[in-house]
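Predicted model only: the values in this text are computed from it and were never measured. Every chain is numbered from 1 and lettered A, B, ... according to where its sequence line falls, protein lines coming before strand lines.
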Amino acid sequence: MDSTKETSNTYKEDLLLRMGLNDNKAGMEGLDKEKINKIIMGATKGSRFYGNELKKEKQVNQRIENMMQQKARITSQQLREAQLQVDRFAMELEHCRDLSNTIVHVDMDAFYAAVEMRDNPELKDKPIAVGSMSMLSTSNYHARRFGVRAAMPGFIAKRLCPHLIIVPLNFDKYRVVSKQVGICLAPTSICSWVSCRIRSQLQMPRQDWPEERRRYFIKTGNSKTTSELTTYLTSIEYELSASPLLFEDSPPDLQPPGNPSQVNCKEQNKLQIPQKSVVFGTSAEEVVKEIRFRIEQKTTLTASAGIAPNTMLAKVCSDKNKPNGQYQILPSRQAVMEFIKDLPIRKISGIGKVTEKMLKALGIITCAELYQQRALLSLLFSETSWHYFLHISLGLGSTHLARDGERKSMSVERTFNEINKAEDQYSLCQELCSEIAQDLQKEGLKGRTVTVKLKNVNFEVKTRASTVSSVVSTEEEIFAIAKELLRTEIDVFGYLVFLVKQTKNTNKGASLASYRLGTKLCQPLGVQERRLIKISV
DNA sequence: GCGGATCAC
DNA sequence: CATGGTGATCCGC
């Protein structure tokens with residue numbers, strides 16, 4: 001009933017929500033959104049990209065309208081029954097609530113931008129972003145004050161902030177730093193977490209550790225090497241020559257007690273300069289402070305962290321005191337519920353722009369409202385989805401960290417300028433096939449499904465897949481399939497080649513996660529900004 | 001299994 | 001001038 005009028009009234013708002021500034025990110029509070037959105041819209045309006053966004057927006061609105069119609073058909077009797085069923089399930093979940101684990105989510109602050117600033121002092125105190133004029137990967141906090149953020153094209157960012165410096169991506173560099181951070185997180189060297197590599201007699205609860213084992217000598221930044229430290233290459237050297245107490249690559253547990261070399265180094269430290277030292281306590285909070293201290297000493301970059309009884313909450317927490325801060329939800333039901341109450345659902349990993357909007361149409365903004373509407377949600381969404389929503393609204397999440405499983409697909413994707421000749425499209429397709437074949441070989445993988453993804457100049461995307469009976473892996477094998485998929489599309493549409501993706505069929509349908517999204521813990525890639533570790537103290 | 005969509009980083 | 005690339009999952013066929 002409120003369909004057409006309502007949607008046209010809020011249409012402008014909708015578009016701003018889609019196209020305009022997304023300030024759901026640390027360091028973007030209290031900006032002049034109106035001014036920023038005006039600039040963004042001015043830069044985007046009339047573009048092909050904008051046209052496609054408009055189309056997608058209409059589709060989402062249609063989805064919402066369908067949902068609202070379905071809602072209107074629900075009887076109070078149905079709702080009552082649903083309420084009983086959902087509450088029964090909620091009770092079971094509540095009964096299984098596990099507060100015994102401590103999950104830590106560590107998140108580097110403006111990672112790429114921070115690395116670039118560290119390595120080029122000229123960039124300090126200036127608004128910078130990492131990426132290109134076409135796309136930015138991240139921005140520093142200075143730039144965020146102008147509304148410049150990740151996933152924004154550089155040319156628009158430049159309009160928002162004319163002095164913005166855009167630094168190209170240096171993935172190799174980030175990989176190195178990422179590895180260093182990984183060492184700082186090595187749980188066995190911080191906690192007494194039992195790793196299968198550690199012999200059991202060497203374990204000792206952190207509470208029982210001598211103070212000396214939790215003491216760090218602070219590396220003061222005023223020596224001659226400081227400026228050298230700021231360059232990429234010397235930072236590696238720095239790592240190798242650093243005090244073993246702070247920068248050893250193997251956990252202390254592995255060293256024989258009273259290791260003479262360790263004692264010597266400590267002595268040396270004392271001899272060199274009267275160094276300051278810190279001692280970290282034994283609580284979870286202190287352990288996380290220690291982790292962040294190690295990261296900062298080792299990389300001269302800061303990290304933020306969240307501590308909570310499960311991964312879902314820990315991730316949200318890591319954002320709370322960003323940058324260079326941490327936040328803990330104590331392991332009690334009350335503390336969890338208190339934290340959850342007014343939390344906007346959009347903050348939860350897995351709830352994106354579209355889900356946010358759909359739930360908003362049902363009057364749901366916060367987690368408390370998500371809980372209130374649980375019965376309705378069970379009638380409007382799939383089981384997977386409403387289970388997921390219910391978990392969120394009860395503050396529940398995964399309490400263990402899954403090992404990185406087998407990869408399920410591998411792809412190569414590239415954006416080109418418009419290509420009109422079919423001949424050129426085939427040859428590009430073949431090139432991508434060649435690349436994917438090489439990547440597959442590197443990991444010794446093969447697959448049975450080949451997917452081709454196409455995008456035209458209007459940003460419309462389509463995928464075409466074909467599954468064959470025997471596995472393929474060579475360029476020739478893949479191209480033979482991709483070529484056929486491409487042929488039918490070219491003949492009909494004259495679309496552009498955009499991507500060739502070769503999927504590895506794992507043939508394991510049963511091992512799905514228990515709920516939609518939210519369970520992804522760690523990307524199997526080398527470069528990553530976020531990491532999760534599990535500790536026990 | 002396929003294709004469109006959503007999401008994270 | 002100009003809006004990415006990779007991997008995963010879910011829904012409805």
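Using a 4.0 Å heavy-atom cutoff across all strands shown, A/Thr44 reaches at least one base atom of the nucleic acid. A/Gln59 comes within 4.0 angstrom of the backbone, heavy atoms only, and of no base. Contact annotation for A/Leu485: no contact, since no heavy-atom pair falls under 4.0 Å across all strands.
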Hey, can you pull the donor-acceptor pairs under 3.5 Å for the side chains in residues 150-165 of chain A, sequence neighbours left out?
from     : atom 1 : to       : atom 2 : distance (Å)
A/Lys158 : NZ     : A/Leu164 : O      : 2.8

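Applying side-chain contact (heavy atoms from CB on, under 4.5 Å) to A/Ile348 and the options A/Met312, A/His391, A/Lys315 leaves one that passes, A/Met312.
Distances shorter than 4.0 Å separate some side-chain N or O of A/Thr415 from OP1 or OP2 on C/dG5. Phosphate contact (OP1/OP2 of C/dA2, side-chain N/O of A/Arg48, threshold under 4.0 Å): absent. Using a 4.0 Å cut-off, no side-chain N or O of A/Lys455 falls inside it from OP1 or OP2 of C/dT3. Taking side-chain N and O atoms only, A/Thr467 has no distance below 4.0 Å to OP1 or OP2 of B/dG1. Taking only side-chain nitrogens and oxygens, A/Ser409 comes nearer than 4.0 Å to OP1 or OP2 of C/dA8. Side-chain N/O atoms of A/Arg63 include none lying less than 4.0 angstrom from OP1 or OP2 on B/dA5. Residue A/Ser134 places no side-chain N or O under 4.0 Å from the OP1 or OP2 atom of C/dG4.
Comparing B/dT6, B/dA8, C/dT9 against the side chain of A/Thr355 picks out B/dT6 as the nearest.
Side-chain rings of A/Tyr50 and A/Phe459 stay apart, their centers remaining 6.0 Å or farther from each other.
Every residue two or more places apart in sequence or in another chain that forms a salt bridge (charged side-chain N to carboxylate O under 4.0 Å, His left out) with A/Arg346 is listed here: A/Glu356.
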